[in-house]
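As the structure lists them, so they are numbered: ligands from 1, and atoms in each ligand from 1.
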Amino acid sequence: MKKTVCFDDVLLVPQFSAIESRSEIDISSVLRPDTLTLGVPIISSPMDTVTEQHMARAMEDIGGLGVIHRYNSAEQQVMIVKKARDIGTVHVAAAIGVGSAHLERAAALYDVGVRILCVDIAHGHHILMKKMLYDLREIFRDAVHIMAGNVATLTAFNDLADWGADSIRVGIGGGSICSTRTQTGHGMPTLESIISCASSDRNAKLIADGGLRTSGDIVKALAAGADFVMLGSMLAGHAETPGDAIFINGQKRKVYRGMASKDAQIEWRGRTSSVEGVSSTVSYRGGVAEKLHEIKTGIRSGLSYTGARNLCEFRSKALFIEQSSSGATEGLTHINL
Ligand code: IMP
């Protein structure tokens, strides 16, 4: 049986650096050649407690990208996209599912200016994904960037690329609100999936998705070959996420939930099928700009420890080592307060 690695099993080895200031480090990443380069390789997750118009705008402000979730009617989603463009967001990405109703949704989204569509299903290495990607390519040709996922293996990554995906979300079962592995016994550590998919010879961009908890995890994902990271829990609870803050025992909180959780499924489709996520609340964290800035600084600092000036150089220079569980414990702040 193959041995696999998780984020906490590895560290990056610090290397000589000739970079005098972190401001010399470029962490931009190309999403659409000639059309869209993100200044920061961060994409917000298409979840109904993460991305609507305000998060999309905040992501663009920092140089990232927001993907508007699809857990509503096509009309409601189109309205959210319009609002995002009102408040001045230039690049709005939007998620769709698979099947003919979602082709119509895609057309409606295209009509309001969406040029990045994200085919968002739990198990992306699937015949319905293949049909959807073929249909989307036939209808839109190269007028849209197609993001698709999620997948966990190199075979799946290559198949989605061959079926027409321009960028692929990699990670199954690792999300903070995910219970796929417990419910179905399937999944793969996200870092292992990234390492494996990064060896692809296809041109599709790799988006690491699920289980990124810190800027350290993001740095490891980028070193392992991710072009972008997609974040849910790291953005949850901020003012720009959809939904009102609530008070629990006098504490201000916001809901963060898996899209396959019982609560979410009942709300968006009136019934549950396989429950593979949980619903939770997290502390209210105020505006997201400070958090995004902190993440951005963490990524730059990460590149500086390897002595890399950009993400491409970083991927080729980065040196991983495996660490023991006591190494992982030692690496956590451990002062006795
Ligand atoms: P996080 O950043 O660790 O919170 O993970 C967010 C990611 O979890 C999303 O981008 C999705 O890929 C995935 N996800 C969202 N909802 C669910 C769910 O209900 N079950 C399993 N995975 C989910």
Side-chain angles (χ1 to χ4, degrees), residues 6-8 41-52 55-56 59 64-71 93-97 118-126 129 147-152 156-157 160 167-191 193-194 197 206-218 220-221 226 228-238 241-242 254-269 272-283 285 288 291-292 295:
C6 303
F7 288 116
D8 286 345
I42 303 175
I43 301 175
S44 67
S45 186
M47 298 169 72
D48 72 352
T49 49
V50 179
T51 314
E52 288 186 352
M55 183 59 76
M59 291 303 298
L65 179 75
V67 184
I68 307 284
H69 73 90
R70 66 179 178 88
Y71 299 96
I96 53 173
C118 172
V119 187
D120 167 43
I121 58 175
H123 179 28
H125 198 200
H126 197 283
M129 173 65 85
M147 196 180 280
N150 281 31
V151 302
F157 187 94
L160 264 63
S167 58
I168 299 169
R169 291 166 64 188
V170 172
I172 289 193
S176 61
I177 35 49
C178 173
S179 57
T180 302
R181 294 183 194 167
T182 332
Q183 177 77 5
T184 72
H186 283 67
M188 190 142 150
T190 301
L191 182 64
S193 291
I194 300 166
C197 295
L206 195 166
I207 303 169
D209 177 24
L212 296 128
R213 303 152 299 176
T214 58
S215 54
D217 287 347
I218 296 175
K220 289 174 186 176
F228 301 92
V229 294
M230 181 170 268
L231 304 181
S233 65
M234 287 184 75
L235 307 176
H238 286 98
T241 60
K254 287 194 93 167
V255 172
Y256 178 51
R257 64 187 185 183
M259 295 319 306
S261 66
K262 188 176 166 197
D263 288 9
Q265 289 194 50
I266 289 195
E267 203 174 309
W268 69 269
R269 62 172 161 190
T272 56
S273 163
S274 181
V275 173
E276 292 177 29
V278 297
S279 178
S280 180
T281 63
V282 294
S283 298
R285 298 198 273 174
V288 77
K291 179 71 188 173
L292 289 170
I295 296 173

Could you check whether any heavy atom of Arg169 sits closer than 4.0 Å to an atom of ligand 1, since that is the contact criterion I want to use?
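Heavy atoms of Arg169 do come under 4.0 Å of ligand 1.
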
I'd like to check whether [X] has a polar contact with ligand 1, where a contact means an N/O of the residue lying under 3.5 Å from an N/O of the ligand.
{"X": "Gly232", "result": "yes"}
{"X": "Ser179", "result": "no"}
{"X": "Thr180", "result": "no"}
{"X": "Asp209", "result": "yes"}

Between Leu65 and Met59, does a side-chain contact (heavy atoms from CB on, under 4.5 Å) hold up when you go through it step by step?
CA-CA 5 Å; Leu65 179 75; Met59 291 303 298; 5.6 Å; no

Under the salt bridge (charged side-chain N to carboxylate O under 4.0 Å, His left out) rule, collect the residues that match up with Arg70, sequence neighbours excluded.
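Per chain and number, Arg70 pairs via salt bridge (charged side-chain N to carboxylate O under 4.0 Å, His left out) with Asp120.
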
Quick check on contacts: which atoms of ligand 1 are under 4.0 angstrom from a heavy atom of [X]?
{"X": "Ser45", "answer": "9 (C), 10 (O)"}
{"X": "Gly211", "answer": "1 (P), 3 (O)"}
{"X": "Ile177", "answer": "8 (O), 14 (N), 15 (C), 16 (N), 17 (C), 23 (C)"}
{"X": "Asn150", "answer": "12 (O)"}
{"X": "Ser176", "answer": "1 (P), 3 (O), 4 (O), 5 (O)"}
{"X": "Ala260", "answer": "18 (C), 19 (O)"}

Working to the nearest 0.5 angstrom, can you tell me the gap between Arg285 CZ and Leu235 CG?
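Answer for the CZ-CG pair, Arg285 versus Leu235, is 7.5 Å.
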
Can you measure from CD1 (Ile68) to SG (Cys118) and round to the nearest 0.5 angstrom?
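The CD1 atom of Ile68 sits 11.5 Å away from the SG atom of Cys118.
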
How far is atom 6 (C) of ligand 1 from its nearest protein heavy atom, and which residue and atom is that?
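So the nearest neighbour among protein heavy atoms is Tyr256 OH, 3.7 Å.
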
Polar side-chain atom of [X] near backbone of [Y] as donor-acceptor pair, under 3.5 Å:
{"X": "Asn150", "Y": "Gly171", "result": "yes"}
{"X": "Arg269", "Y": "Ala264", "result": "no"}
{"X": "Ser279", "Y": "Ser261", "result": "no"}

Using the test side chain to side chain contact (heavy atoms under 4.5 Å, CB included), find all partners of Ala156 that sit at least two apart in sequence or belong to another chain.
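Here the qualifying residues are His125, Val151, Thr153.
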
Atom 17 (C) of ligand 1: which of Gln183, Met259, Glu276 has the nearest heavy atom?
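The nearest heavy atom belongs to Met259.
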
Judged on heavy-atom distance to atom 5 (O) of ligand 1, which of Cys178, Gly187, Gly175 sits nearest?
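That would be Gly175.
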
My question is simple, although I want it checked carefully: is atom 13 (C) of ligand 1 less than 4.0 angstrom from any protein heavy atom?
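For atom 13 (C) of ligand 1 the answer is no, since every protein heavy atom stays at 4.0 Å or beyond.
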
Taking C-beta and beyond as the side chain, do Arg213 and Ser176 meet within less than 4.5 Å on heavy atoms?
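With C-beta onward as the side chain, the pair stays apart.
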
Between Glu267 and Tyr71, is there a side-chain heavy-atom distance shorter than 4.5 Å?
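They are not in side-chain contact.
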
Quick one: look at Met47 and ligand 1, take heavy-atom pairs under 4.0 Å, and tell me if it's side chain, backbone, both or neither.
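Just the side chain.
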
